[in-house]
2 protein chains.
Amino acid sequence: MPFDLLINNISKYIHLDEAERDIFMSHLKPIQIKRKQFTLNEGEICRNSVFVTNGCLRGFTVDKNGIEHVLSFAPLGWWIADMYSLISQKPGILNIEALEDTEGIILSKTNQEKLYHEVPKFERFFRILTENSLVANQQRIVDNMSLTAEERYGIFCKRYPTLIDYLPQKQIASYIGVTPEFFSRMRSSLIKKK
Amino acid sequence: MPFDLLINNISKYIHLDEAERDIFMSHLKPIQIKRKQFTLNEGEICRNSVFVTNGCLRGFTVDKNGIEHVLSFAPLGWWIADMYSLISQKPGILNIEALEDTEGIILSKTNQEKLYHEVPKFERFFRILTENSLVANQQRIVDNMSLTAEERYGIFCKRYPTLIDYLPQKQIASYIGVTPEFFSRMRSSLIKKK
DNA sequence: CTCATTTCTTAACCTACATCATCTTTCCGG
DNA sequence: CCGGAAAGATGATGTAGGTTAAGAAATGAG
């Protein structure tokens, strides 16, 4: 069952009977994304959320100097979308790219709205999902304002232990908000300390 | 009617009939907060959301060096709470303080949950509210990573024109993530440029 | 397996912003 | 409307992290 991971995930927050599960699944679509392929480009309107079941996506913006800033990683079990664009249906600023060959499940905005009407319980699920995401983002703002790069790296390591050795350093550097060069220096000075 | 502002606000997102409005209002409680009074201290469990109808609140954290970091302002028409603590019902890190004598409306976590059961439509309302907040927070993360202090100030001015002359400079400085000294210098250099 | 591309490292130098200190101005509580 | 506290201005100096550059190591497409 390709949708099992997602169904289990949802069942942590709302109970679904068989009929509701079927309705839900009828709105889903599997997707395969090749390494380095984009599922969303800045300037486009985001029409889907993606739930990753294998591999990893990253969401990033590009600033006026051409520098990339990673807003989020979506490894197994995570949702990703350009929330601004998805909600407003206006062109967004997020690029979403596969870091390796990745499999996922697509829920289109249209189907998500149908779902809200057919099974209102899903309002609850996505409210909770959004709340959790909001909390994480607020914490990240606080961290970025009050901690050094080294401390932010420490937090990243605790929060995403599986990603540390998996991701290219430059991606982690971009996520915590420093240059790859500085990140490299920081890491080697951390190793010396021990 | 003291709850009018809030009811109008909600009516932009969901339609309420008279009975639903009454149920909602039965869960609300007005509150008065004196200047410099705290409605929430870090370390406490956040049990309420506050909707401001007059005056202004600020939510901020204090880092290990004793420096304050403003996460949000809540002027007229805005909600404020420590979302982490409110959701998890664990001790939070946010302080909420009145910048002047302030009036608001309290919705307790308990009543909010009752409301979800009595009028499920409110799941929708708070989902939308949370989504909007998430989008704003994500944008702030991107801005903090990719823009200079001066550019962030420009964005603040556009987004919160009413707050610019109203708030003490040090509060704005804290929100955009610089020291009051640097903010002061930045402002005077901006004035010279014109 | 291999070579071209991407990623990582290291070093010298640079800058946006912080810190500390002192003075002036504004504000608000009695 | 006054006095003390808080907020703001400004100068000198410090630093976390950026930039540029150039070589070394890893990696993945064919």
Side-chain angles (χ1 to χ4, degrees), chain A residues 33-37 55-56 58 60 62-70 73 97-102 143-156 163-193, chain B residues 33-37 55-56 58 60 62-70 73 97-102 143-156 163-193:
Chain A
I33 312 129
K34 285 269 165 219
R35 175 167 204 270
K36 300 206 173 177
Q37 191 185 329
C56 189
R58 67 189 261 256
F60 67 98
V62 181
D63 70 23
K64 61 177 189 295
N65 303 314
I67 294 170
E68 295 182 1
H69 302 277
V70 173
F73 297 110
E97 182 198 13
L99 288 169
E100 62 173 318
D101 291 358
T102 296
D143 291 348
N144 285 341
M145 290 202 297
S146 59
L147 302 179
T148 63
E150 207 169 301
E151 290 166 323
R152 265 145 37 215
Y153 177 55
I155 287 173
F156 183 88
L163 296 185
I164 302 161
D165 304 315
Y166 164 74
L167 291 173
Q169 280 180 211
K170 61 181 290 202
Q171 299 300 339
I172 301 177
S174 172
Y175 181 91
I176 70 171
V178 296
T179 58
E181 292 90 341
F182 182 77
F183 185 78
S184 172
R185 254 185 291 175
M186 203 183 77
R187 256 177 50 99
S188 70
S189 93
L190 277 177
I191 290 163
K192 270 176 211 158
K193 276 184 194 170
Chain B
I33 313 127
K34 285 268 167 220
R35 176 168 203 269
K36 299 208 174 172
Q37 192 185 328
C56 189
R58 68 188 260 256
F60 67 98
V62 181
D63 70 25
K64 61 176 189 296
N65 302 315
I67 294 170
E68 296 182 0
H69 302 277
V70 173
F73 297 110
E97 182 198 14
L99 288 170
E100 62 172 318
D101 291 0
T102 297
D143 290 347
N144 285 342
M145 290 202 297
S146 59
L147 302 180
T148 63
E150 207 169 301
E151 291 167 321
R152 262 142 43 211
Y153 177 54
I155 286 172
F156 183 88
L163 296 184
I164 303 162
D165 304 317
Y166 165 72
L167 292 172
Q169 280 180 211
K170 61 182 289 203
Q171 300 300 339
I172 301 177
S174 173
Y175 181 92
I176 69 169
V178 294
T179 58
E181 293 90 336
F182 184 77
F183 185 77
S184 170
R185 255 185 290 241
M186 202 183 75
R187 256 177 49 100
S188 70
S189 92
L190 277 177
I191 289 162
K192 271 179 210 157
K193 276 186 193 171

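In the text below, chain A, chain B and the rest are named by the order of the sequence lines, each starting its count at 1. All values below come from the heavy atoms of this structure, side chains included, with hydrogens, waters and symmetry mates left out.
- Along DNA chain C, the nucleotide nearest Lys36(B) and the nucleotide nearest Phe183(B) are compared for position; the residue whose nucleotide lies closer to the 5' end is Phe183(B).
- Straight-line distance from the CD atom of Gln169(A) to the P atom of dT27(D): 11 Å, rounded to whole Å.
- The closest donor-acceptor contact from the side chain of Asp63(A) to the backbone of Asn65(A) lies under 3.5 Å.
- Regarding Asp165(A), its CG atom lies at a distance of 17 Å from the P atom of dT7(C), rounded to whole Å.
- Taking atom CD of Glu150(A) as the reference point, atom P of dG17(D) lies 9 Å away to the nearest angstrom.
- Rounded to whole Å, atom P of dC27(C) lies 14 Å from atom CD of Glu100(B).
- Applying the 6.0 Å contact sphere to NZ of Lys34(A) captures no more than 12 heavy atoms from other residues, nucleotides or ligands.
- We find that NZ of Lys170(B) is positioned 13 Å from C1' of dC27(C), with the value rounded to whole Å.
- Dashed line: the shortest gap from a side-chain N or O of Gln171(A) to OP1 or OP2 of dT7(C) is not under 4.0 Å.
- A pairwise comparison of heavy atoms in Leu147(A) and Arg152(A) identifies O-NH1, 3.0 Å as the closest pair.
- Mapping Phe182(A) and Arg35(A) onto DNA chain C via the closest heavy atom, the residue that lands nearer the 5' end is Arg35(A).
- Thr179(B) has a side-chain polar atom (N or O) that falls below the 4.0 Å cut-off from OP1 or OP2 of dA18(C).
- Partner Glu68(B) forms a side-chain hydrogen bond (donor to acceptor under 3.5 Å, both in side chains) with one of Arg58(B), Gln171(B), Lys170(B) and no other, that one being Arg58(B).
- When the side-chain nitrogen and oxygen atoms of Ser184(A) are compared with OP1 and OP2 of dT7(C), none of them lie within a distance under 4.0 Å.
- Thr102(A) places a side-chain N or O within 3.5 Å of a backbone atom of Glu100(A) that can act as its donor or acceptor partner.
- Within the 4.0 Å cut-off from OP1 or OP2 of dA16(D), not a single side-chain nitrogen or oxygen of Arg185(A) is found.
- For the pair Leu190(A) CG and dA16(D) P, the computed distance is 14 Å after rounding to whole Å.
- When the side-chain nitrogen and oxygen atoms of Arg187(B) are compared with OP1 and OP2 of dG8(D), none of them lie within a distance under 4.0 Å.
- Nucleotide dA16(C) holds its P atom 14 Å from the CG atom of Leu147(B), rounded to whole Å.
- With distances taken from any side-chain atom of Ser188(B) to the nucleotides dG8(D), dT7(C), dT10(D), the minimum falls on dT10(D).
- Here dC8(C) presents its C1' atom at 12 Å from CD1 of Ile191(A), a figure rounded to the nearest Å.
- Residue Arg152(A) is the one, among Glu181(A) and Arg152(A), whose nearest nucleotide of DNA chain D lies closer to the 5' end (criterion: closest heavy atom).
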